[in-house]
Number of protein chains: 2
Amino acid sequence: MAEKAVFYHAGCSVCVDAEQQFASALDGARYKVEIVHLGEDKARLGEAEAAGVKSVPAFVIGGAVYHINHGADLSALR
Amino acid sequence: MAEKAVFYHAGCSVCVDAEQQFASALDGARYKVEIVHLGEDKARLGEAEAAGVKSVPAFVIGGAVYHINHGADLSALR
């Protein structure tokens with residue numbers, strides 16, 4: 001079964017680019033990628049923060065956080 | 001044909017982890033991933049720097065650089 005990966009973003013250009021290059025390419029046999037727009041879904045900011053996400057875009061896979069470049073800090077999305 | 005992606009790393013734990021989570025999962029139908037260990041292959045440091053790589057681990061895909069977390073600055077590998 002594919003492992004769950006969550007891609008957090010906020011619609012910024014850095015985020016959209018990372019989504020196109022990574023999130024879509026990773027979604028497949030190995031990972032099932034859930035895409036969460038924290039700008040529109042602010043209810044999930046707490047969950048992202050608890051997982052260790054400091055900025056977007058970022059992936060959370062198996063409890064580990066992978067920040068890819070820098071689009072926006074989470075604090076800017078509250 | 002698969003697009004070329006280069007994964008630059010330096011054997012650090014952050015690098016190895018990113019390689020296991022991303023480089024291997026990305027290598028497939030969409031990308032052909034080349035893995036370059038800049039600690040062992042210092043001749044390619046110039047190429048990485050010219051592509052805009054500041055730290056490892058990082059991907060270069062289609063001229064764009066994606067820094068994933070932070071393992072080591074390129075300057076530490078010279």
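Just so it is clear, the structure is predicted and the values come from calculations on it, not from any experiment. Residue numbering restarts at 1 for every chain, and letters A, B, ... go by the order of the sequence lines.
- Residues B/Ile35 and B/Val56 do not share a hydrophobic cluster, clusters being chains of Ile/Leu/Val/Met/Phe/Trp/Tyr side chains in contact below 4.5 Å.
- For chain B, the option among A/Ile68, A/Ile61, A/Val65 with the highest count of heavy-atom pairs below 4.5 Å is A/Ile68.
- Heavy-atom neighbours of A/Lys42 NZ from other residues, nucleotides or ligands within 6.0 Å: above the threshold of 12.
- Listed here is the closest heavy atom pair of A/Ser24 and B/Arg30: OG-NH1, 2.8 Å.
- The cluster map of Ile, Leu, Val, Met, Phe, Trp and Tyr, joined by side-chain heavy atoms under 4.5 Å apart, puts A/Leu74 and A/Val6 in the same cluster.
- Heavy-atom distances place no part of B/Val14 under 4.5 Å from chain A, backbone and side chain included.
- Between the side chain of A/Tyr66 and the backbone N or O of B/Gln21 there is no donor-acceptor pair closer than 3.5 Å.
- Taking hydrophobic clusters as Ile, Leu, Val, Met, Phe, Trp and Tyr residues chained together by side-chain heavy-atom distances below 4.5 Å, A/Val60 does not share a cluster with A/Val33.
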